[in-house]
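Here is the structure we will look at, set down as structure tokens.
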Amino acid sequence: MNLAIVSPGKNIYSETFIQAHKQIKADNVLFYYGNTIPNYLENKGIINICRDALNFRDLSRLFLSIRPYSLFRKDHSIKAHLFGRSLRNEKIDVVLAEFGPTGVACMNICKDLRIPLITHFHGHDITADLKNYEEKYKELIKYSSYVVGVSKEMVNTLISLGAPENKVLYTPCGPNPRFFNNSPVFKSNNFLSVGRFVDKKAPYYTIMSFKGVIEKHPDAILNMVGDGPLLPTCKNLIKYFNLQNNIRLLGVKSPDEICELHNKSIAFIQHSITAENGDKEGTPVGIMEAAASGLPVISTYHAGIPDVIIDKQTGLLCGEHDVASMTNNILWVLENKTLAKSMGKASKERIKSEFSLEKHLGLLSEVVERAYIESKSF
């Protein structure tokens, strides 16, 4: 059985879970990337028209290879034709589309080739994008063999759009197993935040919460890892409050570097909110990695976060926009390190037993196999 994974991006640092999906059980897993109808096939190069990468020779070869009559078929653009041809040439049996818009773009191609489609929703695609894609999603859900949601809230949204419960798989994307090997020592006053500087992660609220902590514990340190459009705003906020000695903006870091930061921290902080445009998290992998490391997680009641973090057992949760409560939760960790360490241990055990990457990949492998078997029964 040959599986094609289709993703808009190749190796975006914040989408490590998509790279992990290459471990789904199949005879061959091929990775297509570059837009919702992909331009590239990993290890084989360009398969589609991409003006930013194609030279004249490649463009000529692609155009000369097209059978003109095929372009008159319904819903067939040149890009759709070339992608469909690649799926046929590679003898693809099942397509896994990462993100809802990718599923929408691939749907008619898969339908024409009679290839089963599994659509994996992640967050923005089923929240901020929903108003523009609602009718298309209903059509997509109808065709997809299975749809995948990474939070219970997301699963309920998919069901409300018409997905039968037996067609919906709930499985948060598990953390890389390397994080289970981490052992935070809980001897410093260091905290960690890892994530893109975007509206739904509200890094400015994390900074504002930590400002109240520094007033009581001037030696407390917050290391913030990541990049994004709100980074300049956060830099200005840190300067305005004169927090440069306590809040460090470290940029993008490798998994090994993040592991090292976990071991030197006493808790992980993330103040996720529903953005103005409706964008929400799925279940943040950064939070699951911190929990797998053995850190208590200080976060909010948002999307899939309370699915994996239990308040006062494996972390401390507060309402969205509640800066004062988040400040108090950070102070509690500083003033109760022994209990915080026990909370972190419970967090690691919960992630390992309920939300491991192995379990996640096993569930995805099962639905891929089921979709393949069901397609052969017709």
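Since we're looking at a predicted model, the values are computed, not measured.
- Under the 4.5 Å side-chain heavy-atom criterion for Ile, Leu, Val, Met, Phe, Trp and Tyr, Leu339 and Leu331 are members of the same hydrophobic cluster.
- In this structure, Asp311 contributes its side chain and Leu317 its backbone to a donor-acceptor pair below 3.5 Å.
- Note on Tyr240 and Val323: same hydrophobic cluster, where clusters join Ile, Leu, Val, Met, Phe, Trp and Tyr whose side-chain heavy atoms are under 4.5 Å apart, directly or indirectly.
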Next item on the list: Take Phe121 and Tyr137, measure what ring-ring contact (aromatic ring centres under 6.0 Å, His included) needs, and give me the verdict at the end.
Entry: CA-CA 11 Å; Phe121 291 87; Tyr137 280 172; 5.2 Å; yes

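- Using a 4.0 Å cut-off between charged side-chain N and carboxylate O, Lys22 and Glu42 make a salt bridge.
- Ion pair Lys264/Glu260 flagged as a salt bridge, since at least one NZ, NE, NH1 or NH2 atom sits closer than 4.0 Å to an Asp/Glu carboxylate oxygen.
- With sequence neighbours left out, Arg178 forms a side chain to side chain donor-acceptor pair (under 3.5 Å) with Asp256.
- Taking the six-membered ring where tryptophan is involved, the planes of His21 and His122 are essentially parallel, since the angle between them stays under 30° and well short of 60°.
- The line from NZ of Lys152 to OG1 of Thr157 is 14.5 Å long, rounded to the nearest 0.5 Å.
- Using a distance-only test at 3.5 Å, with no hydrogens or angles considered, no donor-acceptor pair links the side chain of Lys337 to the main chain of Ile266.
- Judged as a salt bridge (charged side-chain N to carboxylate O under 4.0 Å, His left out), not a single pair has a partner in residues 156-168 (not counting sequence neighbours).
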Next item on the list: Could you walk me through whether Val150 and His120 pass the side chain to side chain contact (heavy atoms under 4.5 Å, CB included) test, one step at a time?
Entry: CA-CA 8 Å; Val150 299; His120 198 310; 3.4 Å; yes

Next item on the list: Using the ring-ring contact (aromatic ring centres under 6.0 Å, His included) rule, take Tyr205 and His321 through it: C-alpha gap first, then chi angles, then the decisive distance, then the call.
Entry: CA-CA 7 Å; Tyr205 277 152; His321 310 282; 5.4 Å; yes

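- We find the CG-CG distance between Leu295 and Asn182 to be 8.0 Å, quoted to the nearest 0.5 Å.
- Here the side chains of Cys106 and Thr36 are not in contact, with every heavy-atom distance at 4.5 Å or above.
- Between the CG atom of Asp93 and the CD1 atom of Ile373 there is a distance of 11.5 Å, given to the nearest 0.5 Å.
- Contact check on Glu153 versus Lys280 returns a salt bridge, with a Lys/Arg side-chain nitrogen under 4.0 Å from an Asp/Glu carboxylate oxygen.
- Of the possible donor and acceptor atoms, one in the side chain of Ser365 sits under 3.5 Å from a partner among the backbone N and O of Lys25.
- Asp125 approaches Phe99 most closely through the heavy-atom pair OD2-CA, 3.1 Å.
- A side-chain contact (heavy atoms from CB on, under 4.5 Å) with Phe268 is found for exactly one of Val194, Leu261, Ile309, namely Val194.
- Cluster membership for Met224 and Val198, using ILVMFWY side-chain heavy atoms within less than 4.5 angstrom, is not shared.
- With respect to the salt-bridge test (charged N to carboxylate O, under 4.0 angstrom), the residues Glu139 and Lys142 do not qualify.
- With Tyr146 as the aromatic partner, Arg370 meets the cation-pi criteria of under 6.0 angstrom to the ring centre and within 45 degrees of the ring axis.
- Remark: Lys211 engages Glu215, Phe241, Leu243 in a side chain to side chain contact (heavy atoms under 4.5 Å, CB included) (not counting sequence neighbours).
- In the hydrophobic cluster analysis, where Ile, Leu, Val, Met, Phe, Trp and Tyr join through side-chain heavy atoms closer than 4.5 angstrom, Leu161 is grouped together with Val155.
- Ring orientation note: the planes of Tyr40 and Tyr33 are close to parallel, at an angle under 30° on the 30°/60° scale.
- Within the model, atoms CG of Asn48 and CG of Asn35 stand 9.0 Å from one another, a figure rounded to the nearest 0.5 Å.
- Checking side-chain atoms of Ser254 against main-chain N and O of Glu257 turns up a donor-acceptor pair under 3.5 Å.
- Counting only heavy atoms from C-beta outward, the side chains of Pro296 and Lys341 never approach each other to under 4.5 Å.
- Linking Ile, Leu, Val, Met, Phe, Trp and Tyr residues whenever their side-chain heavy atoms come within less than 4.5 Å places Ile118 and Leu363 in a single cluster.
- Judged purely by atom type and a 3.5 angstrom limit, Ser272 has no side-chain atom pairing as donor or acceptor with the backbone of Lys201.
- At least one side-chain heavy atom of Val368 sits less than 4.5 Å from a side-chain heavy atom of Met1.
- Considering CD1 of Ile115 and CG of Leu117, their distance stands at 9.5 Å, rounded to 0.5 Å.
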